[in-house]
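Below is one structure; the comments refer to it alone.
Because the structure is a prediction, the values reported are computed rather than measured. Starting from 1, each residue takes its place in the sequence as its number.
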Amino acid sequence: FAPTLGQDIWNNYNHHATLDQKFNFKQFAVDTAKNQTGNLAGMVGGAALAKATAIIVFATTGFAIAGAPLVLIALGSGVLIGAAYNTEIQKSVEQKAKILFGLN
C-alpha cells in the first residue's frame, strides 16, 4: 500500500505551481481509489485463498499447515489477483471515481 500511495502523492504534487495549486487533491483521490482498491483486492484475495487452502488440507488429510507455505500461497495468489484487477476492472473503478470527484 505504501509504495503505491507514495507514487500517487508524487504524481499529484506540482512543485512548479503557485502555493495554492501545488497539490491536485481530486486527481489524487481518483488515483488512490484506482490503485489502492487493486492492492486491497490482492491482499484480501490472497489471504482468503491461503486460509481456504489451510482449511481444505486439514479437512482432507488431517494435517495442519502453517507458516511459509501459507505465506507463499497468499503472496502468489495476491499477485495473480492484482494482475487480474489491472484489466477492465481498474479502468471501471477509475471512471467511477472520476465521476464521483467531478473530473469527468
Going by the salt bridge (charged side-chain N to carboxylate O under 4.0 Å, His left out) test, which pairs reach into residues 50-78, not counting sequence neighbours? none
Residue pairs passing the salt bridge (charged side-chain N to carboxylate O under 4.0 Å, His left out) test where at least one lies in residues 63-90, sequence neighbours excluded: Glu88-Lys91
CG/Asn86 to CD1/Ile81 distance, rounded to the nearest 0.5 angstrom? 12.5 Å
For Glu94, the side chain to side chain contact (heavy atoms under 4.5 Å, CB included) test, sequence neighbours excluded, returns Val30, Lys34, Lys98
Can you tell me if Thr4 and Asn35 form a side-chain donor-acceptor pair at under 3.5 Å? no
Is the closest side-chain donor-acceptor distance between Asp31 and Asn11 under 3.5 Å? no
What closest approach, in Å, do Gly45 and Ser77 show between heavy atoms, and which atom pair accounts for it? O-OG, 4.4 Å
Closest non-hydrogen atom pair between Thr37 and Val93, with its separation: OG1-CG1, 3.9 Å
Using side chain to side chain donor-acceptor pair (under 3.5 Å) as the criterion, list what pairs up with Gln7, not counting sequence neighbours. none
In terms of hydrophobic clustering (I, L, V, M, F, W, Y; side-chain heavy atoms under 4.5 Å; direct or indirect links), are Leu103 and Leu100 co-clustered? yes
Taking a hydrophobic cluster as the set of Ile, Leu, Val, Met, Phe, Trp and Tyr residues connected by side-chain heavy atoms closer than 4.5 Å, whether directly or through intermediates, do Leu5 and Tyr13 fall within one such cluster? yes
Would you give me the side-chain donor-acceptor pairs under 3.5 Å for residues 54-65, sequence neighbours excluded?
{"residue": "Thr60", "atom": "OG1", "partner": "Ile56", "partner atom": "O", "Å": "2.9"}
{"residue": "Thr60", "atom": "OG1", "partner": "Val57", "partner atom": "O", "Å": "3.4"}
{"residue": "Thr61", "atom": "OG1", "partner": "Val57", "partner atom": "O", "Å": "2.6"}
{"residue": "Thr61", "atom": "OG1", "partner": "Phe63", "partner atom": "N", "Å": "3.2"}

Side chain to side chain contact (heavy atoms under 4.5 Å, CB included) between Val79 and Leu75, worked out: CA-CA 6 Å; Val79 167; Leu75 288 174; 5.6 Å; no
Under the ring-ring contact (aromatic ring centres under 6.0 Å, His included) test, which residues partner Phe28, sequence neighbours left out? Phe23
Main-chain N/O of Ala84 paired with Thr87 side-chain donor or acceptor, under 3.5 Å: yes
